[in-house]
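Single-structure report; data block below.
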Amino acid sequence: MPEGHIVHRIADSLNAHFAGKPLTVTSPQGRFANDAAAVSGRRLRRVTAVGKQMFLEFENDLTLRIHLGIYGKWQFHESTEVPEIVGQVRARFAYSNVFVDLRGPTVCEVTDHDTALSVMQRLGPDPLNPNPKKAESQRFTERVLKSPSAIGLLLMNQDVISGIGNVYRAELLFRAGIEPHTPGSALTHEQVEALWVDSVKLMRVGVKTGFMITRDNLLGKNPSKEDRNFVYKREGQPCRRCGSLIRIELMAARKLYWCATCQL
DNA sequence: CAACCATGAGGAT
DNA sequence: TCCTCCTGGTTGT
């Protein structure tokens with residue numbers, strides 16, 4: 001379930017278990033064998049998440065960049081025995097009794113630190129990276145307001161805002177009452193600013209709970225999958241706010257869900 | 001079982 | 001606009 005909130009959660013866990021430790025890195029599947037050997041035995045300085053990408057900074061100017069794509073998943077084990085390899089494990093990271101398996105990532109490669117940094121710097125502002133908060137929201141707002149592209153596309157563009165995926169895209173636009181085909185340049189400054197603020201709020205909930213809960217009255221609870229969202233995967237069902245049927249359409253080959261009554 | 005689907009994204013056409 | 005990468009969970013027969 002890799003939108004940005006999951007990547008940040010994993011980065012936090014990896015830091016908690018592994019930061020400052022020398023890791024044993026292997027590639028049971030084999031496809032990552034050379035890079036694994038390059039970093040194995042080296043100390044992991046820290047893990048940084050930016051949007052949907054993760055950067056593991058090792059000693060000796062080596063950085064491992066990981067992007068999960070649709071399929072990628074992490075699995076943590078804590079055990080005194082070495083856990084059995086199940087399925088296709090691209091990489092296993094181990095220190096002491098903690099074993100972490102990575103499967104199916106789109107990107108998993110080691111480069112020097114500067115190369116990784118340049119990838120990082122090309123990414124748009126991340127609602128979960130709080131540092132210069134004001135400047136980050138301005139970068140997003142300016143980019144959207146001068147773009148003729150549909151806001152539904154802009155929210156999915158990782159150069160514009162990083163970490164948002166298909167679920168948050170649909171839900172943010174519903175919550176803002178914005179029709180997804182509206183050009184960025186047709187929005188008001190206040191609308192775009194509000195989208196940023198709401199993305200910070202929702203993604204923090206995601207990091208905290210591990211789930212993409214986007215209905216305010218359910219934020220503190222543990223709702224089932226069907227109850228979590230307003231429009232995502234609810235095509236043909238009645239809008240939770242106005243009752244009209246939720247629409248679906250392909251936008252740039254991704255499914256877009258919205259309520260044509262609530263979003264204008 | 002097989003078929004289908006997915007919270008992504010780069011590259012060819 | 002389509003294809004491909006790649007893995008696993010869900011759905012259908």
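Order of the sequence lines fixes the chain letters, A, B, ..., with proteins taken first and strands second; residue numbering starts at 1 for each chain.
- Comment: K73(A) does not engage D101(A) in a salt bridge, judged by the lack of any side-chain N to carboxylate O separation of less than 4.0 angstrom.
- Distances shown here put a side-chain N or O of K52(A) below 4.0 Å from the OP1 or OP2 atom of dA9(B).
- Rounded to whole angstrom, the span from the CD atom of Q158(A) across to the P atom of dG10(B) amounts to 9 Å.
- In this structure, CD1 of I161(A) is placed 18 Å from P of dT7(B), rounded to the nearest angstrom.
- Note on Y232(A): only backbone sugar-phosphate atoms sit closer than 4.0 angstrom, heavy atoms only; bases stay farther off.
- Note: CH2 (W74(A)) to P (dG8(C)) measures 15 Å, nearest angstrom.
- A salt bridge links K201(A) to D216(A): one of the charged nitrogens lies within less than 4.0 Å of a carboxylate oxygen.
- In this entry the distance linking CD of Q88(A) with C1' of dT7(C) reads 8 Å, nearest Å.
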> Please walk me through it: do H77(A) and E84(A) pass side-chain hydrogen bond (donor to acceptor under 3.5 Å, both in side chains)?
Replying inline: CA-CA 10 Å; H77(A) 311 265; E84(A) 187 191 346; over 6 Å; no
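- Separating the CD atom of E109(A) from the C1' atom of dA9(B) is a distance of 14 Å, rounded to the nearest angstrom.
- In this structure, the nucleotide among dG8(B), dT7(B), dA6(B) sitting nearest to the side chain of K255(A) is dA6(B).
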> Hey, mind stepping through E179(A) and H181(A) against side-chain hydrogen bond (donor to acceptor under 3.5 Å, both in side chains) and telling me if it holds?
Replying inline: CA-CA 6 Å; E179(A) 211 283 337; H181(A) 302 84; 3.0 Å; yes
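- Following rounding to the nearest Å, I66(A) (CD1) and dG8(B) (C1') show an atom-to-atom distance of 16 Å.
- Nearest to the side chain of R31(A), among dT7(B), dA9(B), dC5(C), sits dC5(C).
- With both ends at atom P, the span from dT7(B) to dT11(C) equals 15 Å, rounded to whole Å.
- Straight-line distance between the P atoms of dC4(B) and dT4(C): roughly 16 Å, to the nearest whole Å.
- No contact: E171(A) has no heavy atom under 4.0 Å from any strand.
- Going from atom CG of L250(A) over to atom P of dC2(C) covers 9 Å, rounded to whole Å.
- For the P atoms, the distance linking dC3(C) with dC5(B) amounts to 15 Å, nearest Å.
- Salt bridge absent: R42(A) and E59(A) never bring a charged side-chain N and a carboxylate O closer than 4.0 Å.
- Distances shorter than 4.0 Å separate none of the side-chain N or O atoms of K73(A) from OP1 or OP2 on dT7(C).
- Relative to the side chain of Q29(A), the nucleotides dG8(B), dT7(C), dT7(B) differ in distance, and dT7(C) lies closest.
- Taking every heavy atom of both residues into account, S244(A) and C242(A) meet most closely at OG-SG, 2.9 Å.
- The M156(A) side chain lies nearest to dG8(B) when the options are dT7(C), dG8(B), dA6(B).
- R254(A) has a side-chain polar atom (N or O) that falls below the 4.0 Å cut-off from OP1 or OP2 of dT7(B).
- Between dG8(B), dA6(B), dT7(C), one nucleotide has an atom nearer to the side chain of K233(A) than all others, and that is dA6(B).
- The CZ-P distance, from R169(A) to dA6(B), rounds to 13 Å in whole Å.
- Out of dG8(B), dT7(B), dT7(C), the shortest distance to the side chain of H67(A) is found at dG8(B).
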